[in-house]
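Please read the structure below before turning to the comments.
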Amino acid sequence: MPELPEVEITRRQIAPLLVGRTVAAVVTTASSPFFLTSPGTLRRRLSGRRFERLDRIGKYLVAGLDGGAQLLLHLGMTGQVFAAGVRSLRLLSSTRGGALTPEGQAGGFVPDRHTHLRLHFDDGGPDVFFRDVRKFGRVELLAPGASSPRLERLGVDALAARAGDLAAAVRRRRAPIKAVLLDQSVLAGVGNIYADEALFLSSIRPSRPANRVTKPQCEQLLAAVQRVLHRSLETGGASISDFVQPSGEDGRYQDERLVYGREGEPCPRCHTPVVRTVIAGRGTHYCPRCQR
DNA sequence: AGACTAACCTGAAAGC
DNA sequence: TGCTTTCAGGTTAGTC
């Protein structure tokens with residue numbers, strides 16, 4: 001599932017295919033909650049605009065257009081951004097399946113009913129697609145000068161955060177520490193996988209009330225968060241659900257998971273079986289012996 | 001305000 | 001075999 005590393009990898013790979021190019025036409029699927037800006041408006045307002053930059057804030061991609069408008073993209077759970085002509089694209093199925101679609105093997109992606117946004121450019125080069133099977137992703141076009149409540153709600157980007165940022169949030173909260181890690185208004189970009197991994201690395205049980213995490217432990221925890229995020233960036237992200245890099249390749253971070261999705265397997269540190277529970281409505285994995 | 005829950009969505013996997 | 005049910009999870013809206 002796309003969290004900060006997956007979104008950042010998408011940004012780095014797709015930026016060269018976007019920046020400097022002018023939109024000639026936009027093709028979308030029908031209106032749905034996926035479109036915070038209606039398909040018709042997107043088609044009208046995007047055509048003729050040139051992309052000037054592509055940034056990331058938390059799990060959001062923010063594309064700056066000439067004239068000052070901004071295109072917001074969120075990959076949700078199953079979002080995939082890539083360009084036409086990509087080979088060996090894994091369109092569906094989990095890492096367990098891993099099969100390539102016939103279309104992918106042939107090297108030509110055929111837009112399907114899950115391809116909600118298709119950008120065609122005036123240079124005749126490859127189209128850029130935004131595909132999302134479960135439609136938890138979002139697209140929004142911000143008018144020049146307009147702000148977005150979604151972005152304003154975000155806390156400091158997880159990679160830029162300092163220990164004090166986490167310690168301040170933790171102090172007054174009695175919710176499980178994991179819920180605080182997942183709260184995008186505290187640290188933007190942390191999702192379920194990296195929360196579990198970071199809590200394991202810092203030996204903190206996910207259910208522990210946030211206000212029972214000491215200041216030194218906050219420092220350890222944030223360091224662990226940033227360590228797993230950086231390591232995932234190095235390995236191309238985690239292709240656990242449907243994430244694929246725009247290049248079409250799978251990430252490899254899933255091979256380095258210590259506890260996430262490893263219920264019943266031995267803890268890499270003490271060999272006690274990893275436990276799975278539900279916290280903050282999310283599957284949560286931890287070692288009952290190492291994590292207190 | 002903080003905490004908790006339902007809802008959104010679809011395919012995969014489990015259950016029968 | 002095949003149909004039905006359950007599960008997964010980022011984010012927001014709604015409730016207490």
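Just so you know, these numbers use all the heavy atoms, side chains as well, and skip hydrogens, waters and symmetry mates. So you know, we letter chains A, B, ... as the sequences are listed, proteins then strands, and number each from 1.
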Residue closer to the 5' end of DNA chain C, A:Arg153 versus A:Met77 (nearest nucleotide): A:Met77
Here the pair of heavy atoms bringing A:Pro5 nearest to A:Ser232 is CB-OG, 3.5 Å
In plain terms, say whether A:Arg257 and A:Glu197 are close enough for a salt bridge, that is, a side-chain N and a carboxylate O under 4.0 Å apart. no
Could you report the tightest heavy-atom contact between A:Pro2 and A:Gly76, atom names first, then the distance? CD-O, 3.4 Å
Lys NZ or Arg CZ of A:Arg21 over A:Phe121 ring: under 6.0 Å, within 45°: yes
What does A:Arg171 touch in the nucleic acid at a heavy-atom separation under 4.0 angstrom: a base, only the sugar-phosphate, or nothing? nothing
At how many degrees, to 10°, do the end axes of the helix from B:dG2-C:dC16 to B:dC16-C:dG2 meet when each uses five pairs? 50°
Kindly compute the distance separating SG (A:Cys287) from NE2 (A:His271), expressed to the nearest 0.5 Å. 10.5 Å
On DNA chain B, compare the nucleotides closest to A:Ala175 and A:Phe136; which residue's is nearer the 5' end? A:Ala175
Within 45 degrees of the ring normal and closer than 6.0 Å to the centroid, is that where the cationic atom of A:Arg269 sits relative to A:Phe200? yes
Name the nucleic acid region contacted by A:Tyr194, choosing base, sugar-phosphate or nothing; use a 4.0 angstrom heavy-atom cut-off, strictly under. nothing
Can you tell me how far P of B:dT10 sits from CZ of A:Arg134, to the nearest Å? 10 Å
d(NE2, A:His116; C1', B:dC8) in whole Å: 13 Å
Looking only at heavy atoms, what is the nearest atom pair of A:Asn211 and A:Arg174, with distance? ND2-CG, 3.2 Å
Out of B:dT10, B:dC9, B:dC4, minimum distance to the side chain of A:Val133 belongs to B:dT10
Students should find this one: the first and last nucleotides of DNA chain C, 5' to 3', lying under 4.0 Å from a heavy atom of chain A. What are they? C:dA8 to C:dT12
Shortest non-hydrogen contact between A:Leu154 and A:Ala188, atoms and distance: CB-CB, 4.2 Å
Given atom CZ of A:Arg131 and atom P of B:dT10, what is their separation to the nearest angstrom? 12 Å
Within a strict 4.5 Å, meaning less than it, do heavy atoms of the A:Gln291 and A:Leu199 side chains meet? yes
For A:Arg138, report the nucleic acid contact type (base, sugar-phosphate, nothing); a contact means any heavy atom under 4.0 Å. nothing
Closest to the side chain of A:Arg172, out of B:dG2, B:dC8, B:dA3, is B:dG2
Between A:His116 and A:Phe35, what is the ring plane arrangement, given parallel below 30°, perpendicular above 60°, and tilted in between? perpendicular
Grab the CZ-C1' distance between A:Arg174 and B:dC4 for me, whole Å please. 14 Å
When we call it a touch if two heavy atoms are under 4.0 Å apart, what does A:Gly283 touch: a base, just sugar-phosphate, or nothing? sugar-phosphate
Can you check whether A:His114 has a side-chain N or O nearer than 4.0 Å to OP1 or OP2 of B:dC9? no
Whole-Å distance separating the CG atom of A:Asn211 from the P atom of B:dG2: 13 Å
What is the distance, to the nearest angstrom, from the CG atom on A:Asp183 to the P atom on B:dC4? 13 Å
Contacts of A:Ala179 and A:Lys135 projected onto DNA chain B by closest heavy atom; the upstream (5') one is A:Ala179
